[in-house]
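Every chain is numbered from 1 and lettered A, B, ... according to where its sequence line falls, protein lines coming before strand lines. Quick caveat: nothing in here was measured; it's all calculated off a predicted structure.
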2 protein chains.
Amino acid sequence: MSIPTLDAFQAIADPSRRQILGMLVKDTQNINSLAENFEMSRPAVSKHIKILEMAGFISIQEIGRERHCFLNQEGFNELKTWLNYFDKFWNSKLKNLEIVLKNKK
Amino acid sequence: MSIPTLDAFQAIADPSRRQILGMLVKDTQNINSLAENFEMSRPAVSKHIKILEMAGFISIQEIGRERHCFLNQEGFNELKTWLNYFDKFWNSKLKNLEIVLKNKK
DNA sequence: TTTATATGTAACTTTTAAGTTACGCAAATA
DNA sequence: TATTTGCGTAACTTAAAAGTTACATATAAA
């Protein structure tokens with residue numbers, strides 16, 4: 001785990017981290033209740049959460065000694081922006097096809 | 001590099017691989033012309049391309065001894081599907097807010 | 001037909017990521 | 001106030017990813 005990355009793409013590369021995000025769709029959860037769902041140790045889950053937080057996928061609200069995790073749209077938006085860039089490509093390809101078909105007529 | 005992964009999320013985790021995808025937006029390119037843009041060796045680029053292909057981000061058309069790479073929508077769609085799942089979450093959060101505001105009036 | 005080009009692959013090294021255990025510390029509870 | 005709970009972190013190990021060089025091979029060009 002070592003140094004946590006800030007990169008959104010790397011953050012979601014790990015299946016456990018995607019699973020954590022999936023769990024937070026339903027409820028806000030603290031670190032321990034998230035960790036209960038995994039085979040791995042709590043510190044391991046804790047590190048995953050740190051990576052997700054730094055990459056903008058989750059935010060954490062500290063309530064006493066507990067840390068409540070919830071989804072943060074930022075990270076997701078970063079991915080969307082990237083995907084949108086390629087959508088322009090598909091759209092222009094589609095347009096080219098239309099032009100070709102039009103000329104054939 | 002070793003065994004190429006089939007996972008779309010892992011495929012785009014690597015910055016060089018995202019760069020390769022970016023290069024293919026403009027033109028279909030063969031392996032060598034893609035490799036020219038990188039500091040790393042050609043075999044390294046070749047392996048990245050294999051991973052991108054297996055994850056459904058690019059397709060390859062063999063023309064003689066050359067292999068022409070172009071974007072494939074499949075991989076991108078896999079990511080979109082994943083993101084859409086979370087969009088439901090944001091939408092329901094928004095709806096809850098609307099209900100709260102409505103009740104306040 | 002010799003040579004150059006475009007590639008894949010195997011064997012290896014290096015780097016990085018992911019996990020572990022052992023600890024410390026502050027907040028809640030008994 | 002002693003104890004339990006909910007964490008973070010450091011030090012370490014293991015596993016996987018990313019890169020390298022050295023080859024082999026098929027196609028194209030001289």
TODO: Indicate, with yes or no, if B/F9 and A/L52 share a hydrophobic cluster defined by side-chain heavy-atom contacts under 4.5 Å among Ile, Leu, Val, Met, Phe, Trp and Tyr.
DONE: yes

Open item on the list: For D/dG19 and B/H48 - does any side-chain N or O of the residue sit under 4.0 Å from the phosphate oxygens OP1/OP2?
Closed with: yes

TODO: Only one of A/R65, A/E66, A/H68 passes side-chain hydrogen bond (donor to acceptor under 3.5 Å, both in side chains) with A/N30; say which it is.
DONE: A/E66

TODO: Let me know the distance between CD1 of A/I49 and C1' of D/dG6, rounded to the nearest Å.
DONE: 12 Å

Task: N/O (side chain, A/S41) to phosphate O (OP1/OP2, C/dG19) under 4.0 Å - done: no

Task: Side chain of B/K50 - closest among C/dG8, C/dT9, D/dC7 - done: C/dT9

Task: B/D14 CG - C/dT16 P separation (whole Å) - done: 12 Å

Task: DNA chain C contacts made by residues 28-38 of chain B, counting heavy atoms under 4.0 Å - done: B/N30, B/I31, B/N32

- [ ] Return the set of residues passing side-chain contact (heavy atoms from CB on, under 4.5 Å) with B/F70 (not counting sequence neighbours), or none when no residue passes.
- [x] B/T28, B/S59, B/Q61

Open item on the list: Please give me the minimum heavy-atom distance between A/Q29 and A/M23, naming the atom from each residue.
Closed with: OE1-O, 3.5 Å

- [ ] Mind checking side-chain contact (heavy atoms from CB on, under 4.5 Å) for A/Q73 and listing every partner two or more places apart, or none if nothing turns up?
- [x] A/N77, B/W90

Open item on the list: Can you measure A/Q10 atom CD to D/dA17 atom P for me and round it to whole angstrom units?
Closed with: 12 Å

Would you tabulate the nitrogen or oxygen pairs shorter than 3.5 Å linking the protein to nucleotides 22-30 of chain C?
unit_1, atom_1, unit_2, atom_2, d
C/dA27, N3, A/R65, NH1, 3.1

Open item on the list: What is the separation between atom CZ on A/F9 and atom C1' on C/dT16, rounded to the nearest whole Å?
Closed with: 20 Å

TODO: Using a cut-off of strictly less than 4.0 Å, decide whether B/S46 has a side-chain nitrogen or oxygen near OP1 or OP2 of C/dT7.
DONE: no

Open item on the list: Rounded to whole Å, please give me the gap between CZ in B/R67 and C1' in C/dT5.
Closed with: 15 Å

Task: Lys/Arg N to Asp/Glu carboxylate O, B/D87 vs B/K80, below 4.0 Å - done: no

TODO: Could you list the residues that satisfy side-chain contact (heavy atoms from CB on, under 4.5 Å) with A/S16, not counting sequence neighbours?
DONE: A/D14, A/F38, A/M40, A/H48

Task: Pairs involving residues 19-45 of chain A, ordered by first then second residue, that meet salt bridge (Lys or Arg N to Asp or Glu O under 4.0 Å) (sequence neighbours left out) - done: none

Open item on the list: Please determine whether a side-chain nitrogen or oxygen atom of A/K47 lies at a distance below 4.0 Å from atom OP1 or OP2 of C/dT20.
Closed with: no

Open item on the list: Taking A/R18 first and then B/D7, would you say they form a salt bridge - that is, a charged N and a carboxylate O separated by under 4.0 Å?
Closed with: yes

